[in-house]
Structures are given as structure tokens and as C-alpha cells.
Student: 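Pasting a structure below so you can have a look.
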Amino acid sequence: MKIKHADFKISNTDVRKCPSDGRPEFAFIGRSNVGKSSLINMLTQRKNLAKTSGRPGKTQLINHFLINNEWYLVDLPGYGWARVSKTDRSKFGDIIASYLLDRTTLVCTFILIDVRLKPQPIDLEFINWMGEQGLPFALIFTKSDKLSKNKVQASVAAYQRALKADWAELPVSFVTSSLAGQGREEVLDYINDILKSLD
Ligand code: GTP
Ligand code: MG
């Protein structure tokens with residue numbers, strides 16, 4: 001898929017103020033600093049479309065980017081650095097939970113995982129929570145440029161083993177590097193296939 005246009009539309013803390021044009025959207029979620037905003041820039045090949053930072057907690061809002069005037073990429077704040085509440089809805093942050101649960105035009109969420117880390121309880125918890133809510137998702141392992149190919153494979157396999165404890169079927173997963181551009185075509189093709197299935 002060719003990205004001809006990528007335009008920032010709006011930032012929000014309130015899901016009710018997100019665009020109401022009904023266009024389908026794909027969201028990026030994961031722990032702070034995992035590389036959500038960098039991945040959006042890599043996919044769109046726009047260097048500074050989404051704001052990135054070496055410090056966790058850079059993205060604090062729901063950010064909508066309109067792609068080819070047809071669909072949205074949505075950059076979300078990270079979870080895992082402000083776990084204060086106990087209720088399900090706010091465990092991963094109020095903004096995130098209400099967005100994921102209430103946004104009817106959300107067709108798929110990409111859950112980003114740092115490929116350098118062994119399976120993290122908060123990521124597994126989040127994946128399981130998405131499953132329990134019946135929300136469609138795919139996994140994206142980020143920062144593959146930081147490991148050898150073998151170590152990337154071992155890390156993905158470790159995640160698959162951990163997921164097998166709770167899942168009969170493993171989710172679709174991708175390996176990416178925003179630095180090297182790895183995984184760009186695969187993720188965009190996946191998005192394109194979903195968009196075509198909506199027509
Ligand atoms: P929050 O908005 O704070 O939740 O973070 P985020 O998930 O949006 O992460 P962001 O894209 O801001 O990236 C965090 C840091 O990781 C930055 O210093 C990026 O340069 C770096 N980074 C992101 N993706 C990659 C990658 O694929 N490879 C390498 N080497 N570094 C990356
Ligand atoms: Mg960000």
C-alpha cells in the first residue's frame with residue numbers, strides 16, 4: 001500500500017471528541033517508550049508526524065492521523081508507568097480503556113512489545129484483557145535492530161510460549177524496526193487486507 005497523504009487531525013483525552021466521520025482506524029498501544037510513535041512515523045515515512053522521545057510518557061493524548069484521506073492511524077499514550085487504579089476499565093489508564101472499549105470505528109489495535117525483553121506480566125495482562133473484551137489485535141515486536149536475528153526469534157518464541165498458556169490460537173505478529181524500516185510492508189499489507197475486507 002502506498003501512503004500518499006498522512007495528516008495530523010486532532011489530539012484528545014476524550015473519546016467522544018475523536019473524529020466522527022466513521023472512517024476506520026488502527027491504533028498503536030503498548031508500554032511507554034516501546035516505540036509506538038516512532039512506528040507511526042516509519043509506516044508513514046514522515047519523520048516527525050508523531051512526536052517521539054527517549055523519555056517515557058511522551059504521548060499523553062489520543063492522536064489521530066488521517067491516511068490517504070481514507071483511514072486513521074491512532075497514536076496512544078503508553079501504559080505501565082502509572083498503574084494506580086484497580087478497576088478493569090482504568091487499569092491501563094482511563095483514556096486508553098475508554099478509547100478501546102467505546103471507539104466503534106476501531107477495527108484493529110496493534111499491541112507493541114519490546115523484542116529485547118522477556119515476556120512482561122503487564123503486556124501479557126493487557127493482551128489477555130483485549131481478548132476478554134473481544135477486541136481484535138495483532139502483536140508488533142519493536143526495536144529488532146537492537147538484537148541479532150537469532151535473539152529476535154528466541155524472544156518471539158518465548159512470547160508465543162507464554163501466550164499458549166491462555167490462548168488456543170496465537171495472534172498474528174510482526175517484527176519491526178523503525179530505525180531500519182523492517183516490517184513496514186508486512187504491517188501495511190495487513191492493514192490493507194483488513195480495509196479491503198470492510199468494503
Ligand atoms: P510514549 O509516547 O512515551 O508512550 O513512547 P512511544 O511508545 O511512543 O515511544 P517512541 O516512539 O517515542 O520511542 C521511544 C524511544 O525508542 C525513542 O528514543 C526512539 O528513538 C526509540 N525507538 C523507537 N523505535 C525504535 C526502533 O525500532 N529501533 C531503535 N533502535 N530505537 C527505537
Ligand atoms: Mg509516543
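Treat the numbers as computed from the prediction; the structure is a model and nothing was measured. Each ligand, and each atom within it, is numbered from 1 in the order the structure gives.
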Student: Among Met42, Gln60, Lys58, Lys36, which residue places a heavy atom closest to atom 6 (P) of ligand 1?
Tutor: Lys36

Student: Check residues 147-160 and write down every donor-acceptor pair under 3.5 Å in which the side-chain atom is one partner and the other belongs to a residue at least two apart or another chain.
Tutor:
| unit_1 | atom_1 | unit_2 | atom_2 | d |
| --- | --- | --- | --- | --- |
| Ser148 | OG | Lys151 | N | 3.2 |
| Ser155 | OG | Val115 | O | 2.5 |
| Tyr159 | OH | Gln120 | N | 3.2 |
| Tyr159 | OH | Asp123 | OD2 | 3.4 |

Student: Heavy atoms only, cut-off 4.0 Å: how does Asp145 contact ligand 1, side chain, backbone, both, or neither?
Tutor: side chain

Student: Are Tyr72 and Phe26 an aromatic pair, judged by ring center distance below 6.0 Å?
Tutor: no

Student: Within the 4.0 Å heavy-atom shell around Gly54, which atoms of ligand 1 are there?
Tutor: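 Going through ligand 1 atom by atom, the ones under 4.0 Å from Gly54 are 18 (O).
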
Student: List every atom of ligand 1 that sits less than 4.0 Å from any heavy atom of Gly35, numbering the atoms from 1 in the order shown and giving each element.
Tutor: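 It comes down to these atoms of ligand 1: 6 (P), 7 (O), 9 (O), 10 (P), 11 (O), 13 (O), 23 (C).
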
Student: Which pairs pass ring pair (Phe, Tyr, Trp, His ring centres under 6.0 Å) with one or both residues in residues 36-55, sequence neighbours excluded?
Tutor: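 As it turns out, there is no ring pair (Phe, Tyr, Trp, His ring centres under 6.0 Å) pair with a partner in residues 36-55 once direct neighbours are skipped.
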
Student: Between Ala180, Gly78, Ser38, Ser53, which one has a non-hydrogen atom sitting closest to atom 15 (C) of ligand 1?
Tutor: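 Shortest heavy-atom distance from atom 15 (C) of ligand 1: Ser53.
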
Student: Looking at Lys146, which atoms of ligand 1 are within less than 4.0 Å of one of its heavy atoms?
Tutor: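 Answer, ordered by atom number: 29 (C), 30 (N).
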
Student: Can I get a per-line list of side-chain donor-acceptor pairs under 3.5 Å for residues 188-199, giving both atom names and the distance, sequence neighbours left out?
Tutor:
| unit_1 | atom_1 | unit_2 | atom_2 | d |
| --- | --- | --- | --- | --- |
| Ser197 | OG | Ile194 | O | 2.7 |

Student: I need the atoms of ligand 1 closer than 4.0 Å to a non-hydrogen atom of Gly57, numbered in the order shown.
Tutor: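 So the answer, numbered in order with elements, is 3 (O).
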
Student: With a cut-off of 4.0 Å, which atoms of ligand 1 are near a heavy atom of Pro56?
Tutor: 3 (O)

Student: With the side chain counted from C-beta on, respond yes when Tyr79 and Phe126 share a heavy-atom pair under 4.5 Å apart, and no when they do not.
Tutor: yes

Student: Go through the side-chain N and O atoms of Ser38 and Thr52 and say whether any donor and acceptor fall under 3.5 Å apart.
Tutor: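 No donor-acceptor contact under 3.5 Å links the two side chains.
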
Student: Provide the number and element of each atom of ligand 1 under 4.0 Å from a heavy atom of Val34.
Tutor: 7 (O)

Student: Which ligand 1 atoms, with their elements, are less than 4.0 angstrom from a heavy-atom of Ser37?
Tutor: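 Checking each atom against Ser37, I get 8 (O), 11 (O).
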
Student: For Arg103, is there an ion pair with Glu25 - N to carboxylate O distance below 4.0 angstrom?
Tutor: yes

Student: Looking at side-chain heavy atoms only, is the closest gap between Met42 and Leu179 below 4.5 Å?
Tutor: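 With C-beta onward as the side chain, the pair stays apart.
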
Student: Any side-chain heavy atom of Ile140 within less than 4.5 Å of one from Ser173?
Tutor: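 SC-SC contact between Ile140 and Ser173 ruled out.
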
Student: If you leave out waters, which protein N, O or S atoms are less than 2.8 Å from the Mg ion (ligand 2)?
Tutor: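 Sorted hits: Ser37 OG, Thr59 OG1.
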
Student: What atoms of ligand 1 come within less than 4.0 Å of a heavy atom belonging to Ser177?
Tutor: 27 (O)

